[in-house]
**Q** 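I'd like to ask you about the structure that follows.
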2 protein chains.
Amino acid sequence: MTKKKEHLDCLNTVKPVRDALDVISGKWKLLIIISISVGNCRFTDIQESIPGITPRALAKELKDLEHHMLIKRLIVESYPIKISYTLDDYAKSLTPVIDALKDWGINHQKKLDGNKLIDSKEISS
Amino acid sequence: MTKKKEHLDCLNTVKPVRDALDVISGKWKLLIIISISVGNCRFTDIQESIPGITPRALAKELKDLEHHMLIKRLIVESYPIKISYTLDDYAKSLTPVIDALKDWGINHQKKLDGNKLIDSKEISS
DNA sequence: CCGTATCCTGCACGATACTG
DNA sequence: CAGTATCGTGCAGGATACGG
């Protein structure tokens, strides 16, 4: 059956897509990457730059991101202990993914907005 | 400050990215899109093509996907009622997104596998 | 055949307090 | 400063049964 083969090919797509989604989805991951990318490298700095995040959440997400090799954790001073988080070069490989998601998200939002305008002509600024 | 501006630009990225993730993340959405894309168009067919999915889950996801204009729901016969689900042309716009995620996911898995080998060597030594 | 209706469970995520 | 430790909660998703 050709259908079965096609189905299998598609499942070969689903797995890596899910792997990728696991890495970048979630409430904080992108925000943390962004915060580090603009120069925040200390735990407390990152925490203060992301309204609403708790130290528990930040610690967990930082570990995840480090495990996925998207950020690096460096001890820069042992007493008093100081840590520096930086983006790994590997994080750059995410650029096409982020861009594709961003472009589609913008376009999709426009499409949804267009639909809303049909219902109500209110435009919020 | 230029930092503040950069930070703002990045937040302008986060929102559409999250919008996009909301649409395609989740346990079943991609599988359903795939199932329909290979020719399954009846509720029961789709259900049987995706091992483990319950009617409740399928119904919910189909509604979401329809709301996001990725699939179309057509009543093809009123008694006994028969429904046909098809991919909306708009779903094609997701292709670059899926491809980017897939490529990155494949590459990332390779990278993790490579690292595992290093880790296990370090541990065993 | 195409779904709803109930009920249930796990886990992502939060609040708050505390420590080397 | 850079995190843990505890405790708590909401909600995505599951099991099972039933209805038009």
Side-chain angles (χ1 to χ4, degrees), chain A residues 14-15 17-36 39-68 70-87, chain B residues 14-15 17-36 39-68 70-87:
Chain A
V14 168
K15 192 189 169 301
V17 169
R18 288 236 261 239
D19 291 342
L21 287 178
D22 285 344
V23 173
I24 58 169
S25 63
K27 191 167 178 179
W28 303 113
K29 293 210 174 69
L30 287 170
L31 288 169
I32 292 168
I33 288 175
I34 286 168
S35 177
I36 296 175
N40 295 307
C41 53
R42 315 291 302 282
F43 189 94
T44 310
D45 291 343
I46 298 169
Q47 193 185 337
E48 286 172 355
S49 75
I50 303 176
I53 198 167
T54 62
R56 173 190 161 85
L58 180 55
K60 189 226 164 211
E61 300 297 282
L62 284 171
K63 268 176 196 161
D64 286 355
L65 291 171
E66 195 194 351
H67 178 243
H68 287 299
L70 295 176
I71 63 175
K72 280 178 179 158
R73 182 182 186 271
L74 290 167
I75 301 168
V76 289
E77 221 173 305
S78 48
Y79 188 76
I81 195 165
K82 284 192 181 178
I83 306 288
S84 176
Y85 289 99
T86 53
L87 279 195
Chain B
V14 168
K15 192 188 167 302
V17 170
R18 288 235 262 238
D19 291 342
L21 288 177
D22 285 344
V23 173
I24 59 170
S25 63
K27 191 167 178 180
W28 303 113
K29 293 210 172 69
L30 286 171
L31 288 169
I32 293 168
I33 288 176
I34 286 167
S35 177
I36 296 175
N40 295 307
C41 52
R42 315 291 304 280
F43 190 94
T44 311
D45 290 343
I46 299 169
Q47 195 186 335
E48 286 171 354
S49 74
I50 303 176
I53 198 167
T54 61
R56 173 191 161 87
L58 180 54
K60 189 226 164 211
E61 301 296 282
L62 284 171
K63 269 177 197 161
D64 287 355
L65 292 171
E66 194 193 353
H67 178 244
H68 287 299
L70 295 175
I71 62 174
K72 281 179 179 157
R73 182 183 187 270
L74 290 166
I75 301 168
V76 289
E77 221 172 306
S78 48
Y79 188 77
I81 194 164
K82 284 191 182 178
I83 307 290
S84 177
Y85 290 99
T86 52
L87 279 194

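A, B, ... follow the sequence lines: proteins, then strands. Residue 1 opens every chain. All values below come from the heavy atoms of this structure, side chains included, with hydrogens, waters and symmetry mates left out.
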**Q** How about A/S49 and A/S35: does a side-chain donor come under 3.5 Å of a side-chain acceptor?
**A**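 Their side chains do contain a donor-acceptor pair, which is all the 3.5 Å distance test asks for.
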**Q** In this structure, how many angstroms lie between the P atom of C/dG14 and the CD1 atom of A/I53, rounded?
**A**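 Atom-to-atom, A/I53 to C/dG14, this comes out as 8 Å.
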**Q** If you check every side-chain atom of B/K60, which of D/dG13, C/dC13, D/dG14 has the closest atom?
**A**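 My answer, after comparing the listed nucleotides, is D/dG13.
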**Q** How many whole angstroms separate atom CD1 of A/I36 from atom P of D/dA2?
**A**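 It works out to 12 Å between those atoms.
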**Q** Please report the shortest heavy-atom distance between B/I83 and B/V76, naming the atom on each side.
**A**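 Nearest pair, atom of B/I83 first, then B/V76: N-CG2, 4.3 Å.
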**Q** For a quick test of reading the model: is some side-chain N or O of A/T44 closer than 4.0 Å to OP1 or OP2 of D/dA2?
**A**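 Result: yes.
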**Q** From NZ of B/K82 over to C1' of D/dG20, roughly how many Å is that when rounded to an integer?
**A**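 Rounded to whole Å, this separation is 16 Å.
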**Q** Determine whether A/L62 and A/I36 satisfy the following criterion, side chain to side chain contact (heavy atoms under 4.5 Å, CB included), listing intermediate values before the conclusion.
**A** CA-CA 11 Å; A/L62 284 171; A/I36 296 175; 4.3 Å; yes
**Q** In whole angstrom, give the distance that lies between atom CD1 of B/I75 and atom C1' of C/dC1.
**A**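 Atom CD1 in B/I75 sits about 13 Å away from atom C1' in C/dC1.
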**Q** In whole angstrom, give the distance that lies between atom CG of A/L58 and atom P of C/dA12.
**A**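 That distance rounds to 17 Å.
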**Q** Minimum heavy-atom separation for B/R18 to A/W28, with atom names?
**A**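 For B/R18 and A/W28, the tightest heavy-atom pair comes out as NH1-N, 4.4 Å.
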**Q** Rounded to the nearest angstrom, tell me the gap between atom CD1 in A/I81 and atom P in D/dC1.
**A**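 So the CD1-P distance, A/I81 to D/dC1, works out to 13 Å.
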**Q** From B/E61 CD over to B/I53 CD1, what is the distance, rounded to the nearest 0.5 angstrom?
**A**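 Going from the CD atom of B/E61 to the CD1 atom of B/I53 covers 6.5 Å.
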**Q** Touch check for B/G52, heavy atoms < 4.0 angstrom, all strands: base, sugar-phosphate only, or nothing?
**A**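 Since no nucleic acid heavy atom lies under 4.0 Å of B/G52, the category is nothing.
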**Q** For the helix from C/dG3-D/dC18 to C/dG20-D/dC1, what is the angle between the axes at its two ends, each from 5 pairs, rounded to 10°?
**A**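 What I find for the helix from C/dG3-D/dC18 to C/dG20-D/dC1 is an axis angle of 40°.
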**Q** I need the minimum non-hydrogen distance between A/I24 and A/L30, along with the two atoms involved.
**A**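 That closest heavy-atom pairing would be O-CG, 4.0 Å.
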**Q** Roughly how far, to the nearest 0.5 Å, is the CG atom of B/L65 from the NZ atom of B/K60?
**A**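 Going from the NZ atom of B/K60 to the CG atom of B/L65 covers 9.5 Å.
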**Q** Looking only at non-hydrogen atoms, find the nearest pair between A/P55 and A/Q47 and report the distance.
**A**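 Scanning both residues completely, I find the closest heavy atoms to be CD-NE2, 3.5 Å.
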**Q** Please state how far atom CD in B/E77 lies from atom C1' in C/dC2, giving the value in whole angstrom units.
**A**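 So the CD-C1' distance, B/E77 to C/dC2, works out to 14 Å.
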**Q** To the nearest Å, give me how far apart CG (B/L65) and P (C/dG3) are.
**A**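 Checked: the CG to P distance equals 13 Å.
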**Q** Search all heavy atoms of B/K29 against all heavy atoms of B/D22 and return the closest pair with its distance.
**A**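 So the minimum-distance heavy-atom pair works out to NZ-O, 4.3 Å.
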**Q** Can you give me the N/O atom pairs linking the protein to nucleotides 3-6 of chain D at distances under 3.5 Å, or say none if there are none?
**A**
{"residue": "D/dG3", "atom": "OP1", "partner": "A/R73", "partner atom": "NE", "Å": "3.4"}
{"residue": "D/dG3", "atom": "OP1", "partner": "A/R73", "partner atom": "NH2", "Å": "2.5"}
{"residue": "D/dG3", "atom": "OP2", "partner": "A/Y85", "partner atom": "OH", "Å": "2.5"}
{"residue": "D/dT4", "atom": "OP1", "partner": "A/K63", "partner atom": "NZ", "Å": "2.7"}
{"residue": "D/dT6", "atom": "O4", "partner": "A/R56", "partner atom": "NH1", "Å": "3.1"}

